[in-house]
Amino acid sequence: LREKNGLDKEIVDYLKSYPETDEFLTNTIAYLEYHLSKMQKGGRGYYSVGVCCSGGQHRSPYVANYLGKYFKKKYKTHIYHRDCPELNK
């Protein structure tokens with residue numbers, strides 16, 4: 001799986017096979033929902049959220065894309081993959 005990244009189906013399926021992945025995403029979304037709403041109410045117009053893991057190729061691109069898709073419904077969102085520049089389209 002070394003040649004794959006966090007957007008490839010095999011990696012996505014693998015990560016989704018663990019209940020901890022869904023638990024992590026649910027908790028992260030809840031935290032960000034709370035925090036981002038406070039920042040918006042406070043007048044902050046720009047906010048960055050960083051997602052990282054030990055390799056930067058599998059988990060972090062998956063999580064960043066998942067969160068990006070979720071939050072695009074409410075906020076102007078840009079996703080940048082530092083360690084997988086081929087994903088920055």
Side-chain angles (χ1 to χ4, degrees):
L1 300 176
R2 190 176 301 256
E3 296 80 30
K4 307 266 183 211
N5 65 58
L7 305 186
D8 289 316
K9 183 175 177 6
E10 298 90 344
I11 302 299
V12 171
D13 291 346
Y14 176 78
L15 292 171
K16 285 181 168 182
S17 74
Y18 288 91
E20 294 87 356
T21 301
D22 186 52
E23 184 180 356
F24 174 79
L25 291 170
T26 299
N27 289 332
T28 302
I29 287 170
Y31 168 76
L32 289 173
E33 286 277 13
Y34 171 81
H35 192 66
L36 293 173
S37 70
K38 294 289 185 191
M39 293 294 105
Q40 191 174 39
K41 286 177 187 171
R44 192 168 221 176
Y46 182 83
Y47 197 79
S48 295
V49 174
V51 178
C52 58
C53 64
S54 58
Q57 180 177 330
H58 299 111
R59 289 167 294 192
S60 56
Y62 170 73
V63 170
N65 269 39
Y66 188 95
L67 295 175
K69 286 180 185 178
Y70 179 89
F71 283 103
K72 272 188 178 179
K73 300 170 196 166
K74 285 186 160 184
Y75 303 101
K76 182 178 178 183
T77 304
H78 175 75
I79 301 167
Y80 174 75
H81 299 283
R82 185 192 73 183
D83 295 327
C84 292
E86 69 276 8
L87 299 178
N88 297 320
K89 298 173 186 169

[X]-[Y] co-clustered via ILVMFWY side chain contacts under 4.5 Å:
X	Y	answer
Y70	Y31	yes
I11	I79	no
I29	M39	yes

Mind checking whether [X] and [Y] have side chains closer than 4.5 Å, heavy atoms only?
X	Y	value
K76	F71	no
V63	L67	yes
K16	V12	yes
Q40	Y75	yes
K74	E33	yes

(message) I'd like to know whether R59 forms a side-chain hydrogen bond (donor to acceptor under 3.5 Å, both in side chains) with S54, so could you lay out the CA-CA distance, the side-chain angles of the two residues, the decisive distance to 0.1 Å, and finally the verdict.
(response) CA-CA 9 Å; R59 289 167 294 192; S54 58; 2.9 Å; yes
(message) So, taking the atom named SG in C84 and the one named NZ in K4, what distance separates them when rounded to the nearest 0.5 Å?
(response)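 The NZ atom of K4 is 13.0 Å from SG of C84, to the nearest 0.5 Å.
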(request) Anything under 30° is parallel, anything over 60° is perpendicular, the rest tilted; go ahead and classify H78 against Y80. (result)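 Ring orientation of H78 relative to Y80: parallel.
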(message) Tell me whether the count of non-hydrogen atoms from other residues, nucleotides or ligands lying under 6.0 Å of OH in Y14 goes above 12.
(response)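 No, not enclosed.
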(request) Using only heavy-atom distances, determine whether the side chains of Q57 and Y62 contain a donor-acceptor pair under 3.5 Å. (result)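 Absent: no donor and acceptor within the cut-off.
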(message) Do N5 and H81 pair up side chain to side chain, a donor and an acceptor below 3.5 Å, judged on atom types alone?
(response)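 H81 and N5 do not have a side-chain donor-acceptor pair below 3.5 Å.
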(message) If we check side-chain contact (heavy atoms from CB on, under 4.5 Å) with Y66, which of these qualifies: L15, L25, V51?
(response) L25
